[in-house]
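Only heavy atoms go into these numbers, but all of them, side chains included; no hydrogens, no water, no symmetry mates. Atoms within each ligand, like the ligands themselves, are counted from 1 in listed order.
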Amino acid sequence: MALLTVKNLAIGYDSGVVAKDLNFEVNAGDYLCITGENGSGKSTLMKTLLGLSEKLGGEIIFGDGLKKTEVGYLPQQTMIQRDFPASVKEIVLSGAQAGMGFRPFYNAREKERARISMEKMGISDLAGRCYRELSGGQQQRVLLARALLAADKILFLDEPVSGLDPDATIKMYELIKMLNREGMAIVMISHDVREVKKYASHILHFGDEVSFEKRKEMAICG
Ligand SMILES: Nc1ncnc2c1ncn2[C@@H]1O[C@H](COP(=O)(O)OP(=O)(O)OP(=O)(O)O)[C@@H](O)[C@H]1O
Ligand SMILES: [Mg+2]
């Protein structure tokens with residue numbers, strides 16, 4: 001069964017429908033890129049899939065034993081978030097909160113996962129630094145490490161390279177590709193259509209009509 005199946009989904013707000021008739025699947029090892037103009041509904045779709053925004057109709061089915069707390073999410077950045085006054089380690093650890101319930105402290109397993117996650121993202125040496133004093137590229141790697149803490153099978157990334165310079169962008173894409181090669185399914189929003197075609201196994205494009213395309217020439221990594 002697919003990790004995620006979307007059937008006839010309609011998304012939007014009380015003010016109206018943003019997109020409808022959305023149909024697609026995400027399977028283990030997939031790399032789905034969501035592209036489209038500003039305001040077309042990409043972030044709304046991601047928030048709806050994560051249960052952070054209410055769907056207006058249709059179905060979202062999590063399969064393959066996937067629980068909502070096992071999903072990693074890197075939200076679209078705002079300037080206010082870039083100024084967050086906490087240490088890198090605290091921010092990465094906070095990625096465990098969805099799975100903690102009412103328990104007030106992080107346990108040893110979560111702390112170990114945070115250590116591994118920071119190591120993978122190459123930010124171990126930044127652990128004690130204040131988040132708001134980091135460069136944009138470093139901040140995005142911190143947020144990716146945070147998202148990784150919760151994710152066992154699937155990662156949702158909303159414009160993870162926005163505001164990054166070309167080098168930091170390539171580095172970020174390489175990190176995401178590495179996670180995908182290790183078996184993590186990726187659902188990523190990006191404006192960078194040319195670049196994402198190099199990586200994506202599937203593309204969901206928001207235009208006048210929404211299209212879902214499998215890129216046949218690419219091997220799907222496992
Ligand atoms: N909380 C909200 N309440 C009402 N309308 C909203 C809300 N958030 C977004 N919208 C509207 O829904 C539409 C889709 O917004 P969304 O943020 O999903 O676009 P997007 O494709 O992610 O754009 P961008 O590329 O700029 O990030 C827009 O018209 C936006 O104004
Ligand atoms: Mg958006």
Side-chain angles (χ1 to χ4, degrees), residues 4-26 30-62 68 71-84 91 95 98 136-137 139-148 150-151 154-166 168-170 172-173 175-176 179-180 185-213 215:
L4 179 64
T5 307
V6 170
K7 286 187 188 164
N8 303 321
L9 182 66
I11 58 171
Y13 303 92
D14 291 344
S15 46
V17 174
V18 170
K20 61 182 169 62
D21 300 326
L22 303 174
N23 288 284
F24 61 91
E25 274 185 7
V26 182
D30 278 1
Y31 193 140
L32 169 65
C33 284
I34 303 172
T35 59
E37 309 259 290
N38 289 129
S40 56
K42 305 177 300 295
S43 296
T44 303
L45 171 62
M46 197 167 270
K47 285 188 254 179
T48 309
L49 296 177
L50 293 161
L52 302 172
S53 184
E54 215 170 314
K55 66 180 168 142
L56 300 184
E59 285 181 80
I60 300 167
I61 304 156
F62 280 88
K68 276 216 174 125
V71 168
Y73 175 43
L74 189 162
Q76 191 166 4
Q77 281 291 284
T78 65
M79 287 316 285
I80 296 165
Q81 287 160 335
R82 290 204 190 283
D83 226 15
F84 203 69
I91 293 202
Q139 286 190 335
Q140 286 302 81
R141 276 188 281 149
V142 172
L143 295 181
L144 187 54
R146 178 185 189 277
L148 256 187
I154 187 164
L155 260 181
F156 289 84
L157 310 172
D158 194 343
E159 300 201 28
V161 301
S162 82
L164 302 190
D165 67 34
T169 297
I170 291 172
M172 192 71 179
Y173 280 138
L175 284 172
I176 296 165
L179 297 172
N180 181 239
I186 306 287
V187 179
M188 179 176 81
I189 296 174
S190 177
H191 281 285
D192 207 350
V193 179
R194 261 225 323 256
E195 194 64 24
V196 300
K197 282 188 173 163
K198 289 189 205 156
Y199 301 96
S201 65
H202 297 74
I203 293 183
L204 181 72
H205 181 71
F206 281 76
D208 293 336
E209 300 229 323
V210 180
S211 66
F212 180 57
E213 168 206 357
R215 296 183 53 73

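Here is the list of ligand 1 atoms found below 4.0 Å of a heavy atom in Q76: 27 (O). The atoms of ligand 1 that sit less than 4.0 Å from any heavy atom of E159 are 25 (O), 27 (O). Within ligand 1, counting atoms from 1 as listed, the ones closer than 4.0 Å to a heavy atom of V18 are 12 (O), 13 (C), 14 (C). Per-residue contacts place H191 under 4.0 angstrom from the following atoms of ligand 1 (heavy atoms of the residue considered): 25 (O).
V210 has its side chain out of reach of D21: every pair of non-hydrogen atoms, C-beta onward, lies at least 4.5 Å apart. Under the 4.5 Å side-chain criterion, counting only non-hydrogen atoms from C-beta, L56 is not in contact with K20. Inter-residue side-chain proximity for I91 and L143 is flagged as met; some heavy-atom pair is nearer than 4.5 Å. At least one side-chain heavy atom of T48 sits less than 4.5 Å from a side-chain heavy atom of S53.
F212 and F24 have tilted rings, their planes meeting at an angle from 30° to 60° on a 0 to 90° scale.
Distance check: I60 CD1 to L9 CG gives 5.0 Å after rounding to the nearest 0.5 Å. Of the inter-residue distances, the one linking D30 atom CG with I154 atom CD1 reads 8.5 Å to the nearest 0.5 angstrom. With values rounded to the nearest 0.5 angstrom, H191 atom NE2 is found 8.5 Å from I189 atom CD1. Rounded to the nearest 0.5 angstrom, L4 CG and E25 CD are separated by 9.0 Å. With rounding to the nearest 0.5 angstrom, the OG atom of S201 is 10.5 Å from the CD atom of E213.
Where the criterion is an N or O separation shorter than 3.5 Å, residue side chain and backbone included, K47 fails it with respect to ligand 1. Backbone and side-chain nitrogen or oxygen atoms of G41 are examined, and one is located within less than 3.5 angstrom of a nitrogen or oxygen of ligand 1. Polar contact check, G36 against ligand 1: no nitrogen or oxygen pair lies under 3.5 Å apart.
Between I34, N38, V17, L45, it is N38 that holds the heavy atom closest to atom 26 (O) of ligand 1.
When V193, T35, L32 are each tested for a side-chain contact (heavy atoms from CB on, under 4.5 Å) with I203, only one passes: T35.
Counting protein heavy atoms only, atom 23 (O) of ligand 1 is closest to G39 N, 2.8 Å. Residue, atom and distance of the protein heavy atom nearest to atom 5 (N) of ligand 1 are Y13 CD1, 3.2 Å. With hydrogens left out, the protein atom closest to atom 21 (O) of ligand 1 is K42 NZ, 2.7 Å, a heavy atom. Counting protein heavy atoms only, atom 17 (O) of ligand 1 is closest to S43 CB, 3.7 Å.
The protein does not reach atom 30 (C) of ligand 1 closely, with no heavy atom under 4.0 angstrom from it.
Only the backbone of E37 comes within contact range of ligand 1, with a heavy atom under 4.0 Å; no side-chain atom does. Contacts between T44 and ligand 1 below 4.0 angstrom, taking non-hydrogen atoms only, involve backbone and side chain alike.
Neighbours of the Mg ion (ligand 2) restricted to protein N, O or S atoms under 2.8 Å: the count is 2.
Looking at S190 and Y199, their side chains never bring a donor and an acceptor atom within 3.5 Å of each other.
Within the 3.5 Å criterion, the main-chain N or O of D192 finds no donor-acceptor partner in the side chain of K197.
Residues passing the side chain to side chain contact (heavy atoms under 4.5 Å, CB included) test with L52, sequence neighbours excluded: K47, L50, Y73.
Using 4.0 Å as the threshold, M46 has no heavy atom nearer than that to any atom of ligand 1.
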